[in-house]
Amino acid sequence: MPDDILSPDEINALLSGGGYDLGNMDEISEADSEQLAKIADTFANSENSVINMLAGKNVTTNVNAYEIMPQSEFTAKFSELPFIFSSTFGGFEDKPLSMVVEQAGALTLADLMMGGGGSPLPEPSDLHWNAAQEGLSQVVGSAFTSLSGLMGNRRLMPENSSGLLAEENWDAIAVEPSTAKLWISPVNVVIDGLKPFNIWTCLTLDDALDISNVMRGGGRPPEPAPANTPMGGGGIMGGGRQNPGPAVDVRPAAFQPLGGGSSGGAPSPIDLIADIPVRVTVELGKARKSVSEILALTTGAVVELDKMAGEPVDILVNGKLIAHGEVVVIDENFGVRITDIVPGGAARAAS
C-alpha cells in the first residue's frame, strides 16, 4: 500500500476524532470523543502560551491524536527515564494528573525558566528539576483556568504538585493495577532554534470520562431539552446520558419597599455580617525578584524589602489595607499596635 494512503484503522480514528484503536471503540462515545479532544487542545494551548512567554520565540505545539492504553504499555515506550510532574484537580475530587516530559525537554524548559535560551544542561541539579517543575506548574494552572470555563465555571486549581525524575519501574499515575487504562495526550513542542521535545498529559481513562461528562453538561440550560440538540455554552451538543432534572418551584422574588425606615428591632446591615471571620495580615514589606533569583535562594539568604527599618507595617483585612502599625511582642508572640487607621479601609474590607 502506498505511504500516502490511509489504512481503514487510521480513517476510523480520524473520523472518531481520537487516536484510540478499534479495541477501545466500545468504551468511548462520539460525544465523549469530542470532549476528550477539547481537553487535549486545552493543555496544548496552555503549553504553547506558557513556553512562548518563557522563550520569547515562536513556539509551535503539534497536538497528536490522543491515545488510550494500559499504563504498563505507556511506560514501556520510554528508553530513558523521563521527568514527571504530578498534580491533582483541586475542586474536582482531587483527581490525579501527570505530565511526562523527556529529560532533554524538561531541561530545556528549566533553562528557559531560569532566564536562559533553552541550551542543553550537561550536569542538571535539583535546582534545574525544580525550575522544570515550576514551568509545568504554570502550564497546568493555565489549563485548569481554561477547563474551569468548559466545566460550567467549576473552580479548579492545581494541588499537591510535585516534580521528579522517574525511577526504575515508574508509573505515570499511581493507580492499581498497572494494567489500568490511561488517557494520554501527546504534544510535540517546537521552539525556534531548539531541539523539539514531547510532553504527554496523562489521566486515568475513568477520570478523563468524568471530566468529559461534566463538560457535556456544563452548558445545559435549566429547562429540559431533547437529547442531541444544540445547547448553550459554546454550542456543545446535549449527550444522550443526561436526564432532565427534577421540577423546580419558581416564583417571583419578594423585595422590601425602599426607604420608609424599618422597625426598631430590625438588625442593621453590619449586624448581618458581624460574625463572618476575616483574615488579618500584617505585611512587613515587599520585594520584586526574577524567577532565577527566587530559585537561587538558599538557607541563610537575605531578601531586602522595600521598607526602611522603623517604618510602620501595613495591616490588611482580606487583602485590603485598613491601617498601619508597629510590631510589638506580647509574652512570646508577635503582635501589632495600630498607629494609624486608613480612611474608609474597614468599609472596603467588609464590602
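Follow the hydrophobic side-chain contacts under 4.5 Å out from V50 and you never reach M157; the two are in separate clusters. Cluster membership check: L295 shares its hydrophobic cluster with L136, using side-chain heavy-atom separations under 4.5 Å among Ile, Leu, Val, Met, Phe, Trp and Tyr. One hydrophobic cluster, built from ILVMFWY side chains closer than 4.5 Å, cannot hold both L164 and V100; they sit in different ones. No continuous path of ILVMFWY side-chain contacts below 4.5 Å connects M99 to V63, so the two sit in separate hydrophobic clusters. A single hydrophobic cluster is not seen to contain both F334 and I330; linkage of ILVMFWY side chains at heavy-atom distances under 4.5 Å, directly or through other members, places them apart.
The main-chain N or O of E159 is found under 3.5 Å from a side-chain atom of S87 such that the two form a donor-acceptor pair. Side-chain N or O atoms of N213 include none that pairs as donor or acceptor with a backbone N or O of L209 at under 3.5 Å. Although no hydrogens or angles enter the test, the distance criterion places a donor-acceptor pair under 3.5 Å between the side chain of S46 and the main chain of T42. One N or O on the side chain of S148 and one on the backbone of R154 form a donor-acceptor pair closer than 3.5 Å. Checked by atom type and distance alone, the side chain of D94 never pairs as donor or acceptor with a backbone atom of T88 at under 3.5 Å. Between the E34 side chain and the A31 main chain, no donor and acceptor come within less than 3.5 Å of each other. The closest donor-acceptor contact from the side chain of Q71 to the backbone of K181 lies at 3.5 Å or more, if one exists at all.
D126 CG: 12 or fewer foreign heavy atoms inside a 6.0 Å radius. Annotation for K195: atom NZ does not count as buried by contact number, only 12 or fewer foreign heavy atoms lying within 6.0 Å. Atom CG of D340 sits in a crowded spot, with more than 12 heavy atoms from other residues, nucleotides or ligands closer than 6.0 Å. By the neighbour-count criterion of 12 heavy atoms within 6.0 Å, atom NZ of K77 is sparsely surrounded, having that number or fewer from other residues, nucleotides or ligands.
You'll find the side chain of L109 stays beyond 4.5 Å of the side chain of V101, heavy atoms only. Residues V280 and I315 form a side-chain contact, since some pair of their non-hydrogen atoms from C-beta on lies under 4.5 Å apart. Annotation: side chain of W170 is in contact with side chain of T75 (closest heavy-atom distance under 4.5 Å). Between I68 and I28 there is a side-chain heavy-atom pair separated by less than 4.5 Å. Between N64 and V187 there is no side-chain heavy-atom pair separated by less than 4.5 Å. Within the 4.5 Å cutoff, side-chain heavy atoms of M53 are placed close to those of Q138. Two residues are said to be in side-chain contact when any heavy atoms from C-beta on lie closer than 4.5 Å; V313 and V327 meet this criterion. With contacts defined as side-chain heavy-atom distances shorter than 4.5 Å, the pair I184/Y66 does not qualify.
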Report task. Walk me through it: do K307 and D314 pass the test salt bridge (Lys or Arg N to Asp or Glu O under 4.0 Å)? Result -> CA-CA 11 Å; K307 285 197 175 182; D314 294 335; 3.3 Å; yes

**Report entry** L182 vs M69, side-chain contact (heavy atoms from CB on, under 4.5 Å): CA-CA, chis, key distance, verdict
**Finding:** CA-CA 6 Å; L182 301 183; M69 65 179 67; 5.6 Å; no

Report task. Begin from the C-alpha positions of L81 and E168 and carry the test side-chain contact (heavy atoms from CB on, under 4.5 Å) through to its verdict. Result -> CA-CA 8 Å; L81 295 175; E168 295 293 336; 4.1 Å; yes

Query raised in the report: Can you check side-chain contact (heavy atoms from CB on, under 4.5 Å) on V189 and V59, steps first, answer last?
Result: CA-CA 7 Å; V189 180; V59 177; 4.2 Å; yes

Requested in this report: Any chance you could lay out the side-chain contact (heavy atoms from CB on, under 4.5 Å) test for S98 and F85, step after step, and finish with the verdict?
Outcome: CA-CA 6 Å; S98 290; F85 174 82; over 6 Å; no

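Summarising the geometry, atom OG belonging to S185 is positioned 8.5 Å from atom CZ belonging to F43; distances are rounded to the nearest 0.5 Å. Taken from OG in S212 to CG in L36, the straight-line distance is 5.0 Å, to the nearest 0.5 Å. To the nearest 0.5 angstrom, N58 atom CG is 4.5 Å from D192 atom CG. Atom CE of M113 is separated from atom OG1 of T108 by 13.5 Å, given to the nearest 0.5 angstrom. Atoms CD and CZ, from Q103 and F83 in turn, are 10.0 Å apart once rounded to the nearest 0.5 Å. Of the inter-residue distances, the one linking I338 atom CD1 with E326 atom CD reads 11.0 Å to the nearest 0.5 angstrom.
Salt-bridge check for R216 with D32: passed, with a basic side-chain N closer than 4.0 Å to an acidic carboxylate O.
The two residues L321 and V342 come nearest to each other via the heavy atoms CG-CG2, 3.9 Å. Residues A208 and W183 share a closest heavy-atom pair of CB-CB, 3.8 Å. The two residues V190 and P196 come nearest to each other via the heavy atoms CG2-CB, 4.1 Å. G118 and L112 get closest at one heavy-atom pair: N-CD2, 3.6 Å. Across I84 and S86, no two heavy atoms sit closer than the pair CG2-OG, 3.7 Å. Across every non-hydrogen atom of A106 and W129, the tightest pair is CB-CZ3, 4.0 Å.
Each of N130, L127, V291 was compared with M114 under the side chain to side chain contact (heavy atoms under 4.5 Å, CB included) criterion, and only L127 meets it.
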For residues 298-305, dump all side-chain donor-acceptor pairs below 3.5 Å to protein atoms at least two apart in sequence or in another chain.
none

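A side-chain hydrogen bond (donor to acceptor under 3.5 Å, both in side chains) check over residues 196-206, counting only residues at least two apart or in different chains, returns the pairs E102-N198, N188-N198, T204-D207.
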